[in-house]
Colleague: 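Shown below is the structure under consideration.
Per chain, numbering begins at 1; letters A, B, ... match sequence-line order.
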Number of protein chains: 2
Amino acid sequence: MNIGDAAQLSGLPAKTIRYYEDIGLIEPLRSANGYRSFRETDLHKLTFLGRARSLGFTIDDCRTLLTLYRDRARASADVKHVAQDHLACIDRKIVELTEMRRTLSHLVEACAGDDRPDCPILADLAAVVPGQSCARQSN
Amino acid sequence: MNIGDAAQLSGLPAKTIRYYEDIGLIEPLRSANGYRSFRETDLHKLTFLGRARSLGFTIDDCRTLLTLYRDRARASADVKHVAQDHLACIDRKIVELTEMRRTLSHLVEACAGDDRPDCPILADLAAVVPGQSCARQSN
DNA sequence: CTTATGCTTCCAGTCATAGGAAGGTCAAGC
DNA sequence: GCTTGACCTTCCTATGACTGGAAGCATAAG
C-alpha cells in the first residue's frame with residue numbers, strides 16, 4: 001500500500017505520515033522503486049496516532065502509548081497514568097479558558113459598540129493590574 | 001528605564017520585549033550606550049500587550065488593538081468586533097476540550113489500572129472508527 | 001583592577017506540521 | 001513509442017510566539 005492509500009485510510013495527510021516516519025513513530029517498508037510500502041500494522045499505528053492526537057495527546061505521549069501498546073506485558077496502570085495526566089491537563093485548560101471567557105464577555109457586555117471613542121475593553125486592557133505577576137500563559 | 005526594569009514592571013521577559021520591538025509592536029528609544037530606553041508609554045503598551053496576550057489574543061489581534069488604542073477617533077464597535085470574534089474562538093475551544101474530556105474520562109474510568117495487560121484506553125485508540133474523516137484538529 | 005551583573009546582537013531551536021520546488025515512477029491513451 | 005497526468009521521492013523553508021545560548025560591550029561594586 002502506497003502513502004496515498006495509507007493517508008486516505010488513516011485520515012492523516014501524507015505530509016504528516018512522512019513526518020511521523022521521520023521522527024521514528026512508524027517504520028514502513030520500501031518498495032523496489034523507493035516508495036513507502038505500508039502494512040496493516042503500519043496503518044493500524046497511523047489510525048492509533050490520529051485518534052490519540054485528536055484527543056490532544058502530544059507526540060511524546062503518543063510515543064509512550066505506542067510503546068505500551070506494543071508491549072504485551074504492559075500494565076494497564078501505566079496507560080491509565082498517561083491518560084490521567086492528560087485529563088488533568090485538559091481540565092486546567094478548560095478552567096483557564098473559562099476564566100478568560102468570563103473576563104472577556106464582561107468587557108464585551110460593557111462596551112457600547114457604537115461610534116464613540118470610549119471603550120471599556122481598551123480601558124481595561126490598558127489598566128495596570130498591581131499583582132498580576134503570574135498572569136502569563138503557558139500557551 | 002532599561003529593559004530589565006521594563007521587564008519587571010510589565011511582567012514580560014526581556015526576551016519577549018525585544019521580540020515585540022523586532023516585530024514592530026513597540027519602539028523604545030535608545031540611550032547613548034545603545035541600551036533600549038523605555039518611556040511611560042512604552043511600559044503602558046507592554047502592560048497592554050501582556051494583558052491582551054494573557055486573554056488569548058494573538059499578536060495580530062494585539063497589533064489591531066494597539067492601533068485602535070492609539071487612534072482617538074476609533075469606533076468602539078471595531079474593538080468590540082475583535083473581542084467578540086475572540087470570544088467565539090474561545091467558546092469553540094471550550095467545546096472541543098469538553099468533548100475531549102468526556103471521551104477520555106470514559107476511557108479512564110473503564111480502565112482497571114492494575115497489572116493486567118488489558119486496557120480499554122489502548123483498545124479504543126486502536127479501534128478503527130469508520131466515518132471519522134473530520135476528526136482531525138486545527139490545533 | 002577584578003568581578004559580576006546587565007545590556008547588545010545574532011543564530012538556532014521549539015512543536016507539529018504545511019507549502020512548495022525539483023525530479024523520479026507508473027498507468028492510460030494515442 | 002510518446003505524452004499526459006497523477007503519484008511518489010527528498011530537501012528546504014515557513015508558521016507563531018517565543019526561548020536559549022554564545023560572543024562581546026557597559027556599568028557598578030568592592
Colleague: Round to the nearest Å and state the distance from B:Arg18 atom CZ to C:dC7 atom C1'.
Modeller: 7 Å
Colleague: Would you mind reading off the distance between B:Leu12 atom CG and D:dA17 atom P, rounded to a whole angstrom?
Modeller: 14 Å
Colleague: Just grab all the ring pair (Phe, Tyr, Trp, His ring centres under 6.0 Å) pairs involving residues 89-110 of chain B, residues at least two apart or on different chains.
Modeller: none
Colleague: Out of D:dC8, C:dA16, D:dC18, which nucleotide sits closest to the side chain of A:Ile3?
Modeller: D:dC8
Colleague: Distance check: side-chain N/O of B:Tyr20 vs OP1/OP2 of D:dC18, anything under 4.0 Å?
Modeller: yes
Colleague: Answer yes or no: is there a donor N or O on one side and an acceptor on the other, between the side chain of B:Thr16 and the main chain of B:Leu12, under 3.5 Å?
Modeller: no
Colleague: Starting the side chain at C-beta, find the nucleotide from D:dA17, C:dT8, C:dT17 nearest to B:Arg36.
Modeller: C:dT8
Colleague: Within this structure, what is the CD1-to-C1' distance between A:Ile17 and C:dA16, rounded to whole angstrom?
Modeller: 15 Å
Colleague: Donor-acceptor pair, distance only, cut-off 3.5 Å: does the side chain of A:Asp22 make one with the backbone of A:Tyr19?
Modeller: no
Colleague: Under a 3.5 Å distance rule, please check whether A:Ser31 uses its side chain to pair with a backbone N or O of A:Asn33 as donor and acceptor.
Modeller: no
Colleague: A:Glu21 has an atom CD; how far is it from atom C1' of D:dT9, in whole Å?
Modeller: 11 Å
Colleague: Checking side chain to side chain contact (heavy atoms under 4.5 Å, CB included) against A:Pro28, which of A:Arg18, A:Lys45, A:Met1, A:Arg36 comes through?
Modeller: A:Arg36
Colleague: Which one, D:dT9, C:dT17, C:dA18, comes nearest to the side chain of A:Pro13?
Modeller: C:dA18
Colleague: Tell me which pairs pass salt bridge (Lys or Arg N to Asp or Glu O under 4.0 Å) where either residue lies in residues 101-112 of chain B, with sequence neighbours left out.
Modeller: A:Asp91-B:Arg101, B:Glu99-B:Arg102
Colleague: Considering residues at least two apart in sequence or located in another chain, which fulfil the salt bridge (Lys or Arg N to Asp or Glu O under 4.0 Å) criterion with A:Asp78?
Modeller: none
Colleague: For the hydrophobic clusters of this structure (ILVMFWY residues joined by side-chain heavy atoms under 4.5 Å, transitively), does one cluster hold both A:Leu46 and A:Tyr35?
Modeller: no
Colleague: Walk along nucleotides 22-30 of chain D from 5' to 3' and tag each nucleotide B, S or - by protein heavy-atom contact under 4.0 Å, base first, then sugar-phosphate.
Modeller: ----SS---
Colleague: Kindly calculate the angle separating the two end axes of the helix from C:dC1-D:dG30 to C:dC30-D:dG1, each obtained from five base pairs, and round it to 10 degrees.
Modeller: 30°
Colleague: Listed by chain and number, what are the salt bridge (Lys or Arg N to Asp or Glu O under 4.0 Å) partners of B:Arg92, not counting sequence neighbours?
Modeller: none
Colleague: Can you tell me if A:Arg63 touches the phosphate of C:dC15, counting only side-chain N or O atoms and a distance under 4.0 Å to OP1 or OP2?
Modeller: no
Colleague: Got B:Thr64 and B:Phe57 here, is their nearest side-chain heavy-atom distance under 4.5 Å?
Modeller: no
Colleague: Is A:Arg30 near enough to D:dT10 that one of its side-chain N or O atoms lies under 4.0 angstrom from OP1 or OP2?
Modeller: yes
Colleague: Specify the separation, in whole Å, of atom OH of A:Tyr19 and atom C1' of D:dC11.
Modeller: 16 Å
Colleague: Rounding to a whole Å, what distance do you find between B:Asp22:CG and C:dA12:P?
Modeller: 15 Å
Colleague: When the distance from CG of B:Leu46 to P of D:dA17 is rounded to whole Å, what number comes out?
Modeller: 16 Å
Colleague: Write down the distance between CG (A:Asp5) and C1' (C:dC26), rounded to a whole number of angstrom.
Modeller: 14 Å
Colleague: It should be established whether B:Thr16 places a side-chain nitrogen or oxygen under 4.0 Å from OP1 or OP2 of nucleotide D:dT19.
Modeller: yes
Colleague: Using only side-chain N and O atoms of B:Arg53, determine if any of them is under 4.0 Å from OP1 or OP2 of D:dC18.
Modeller: yes
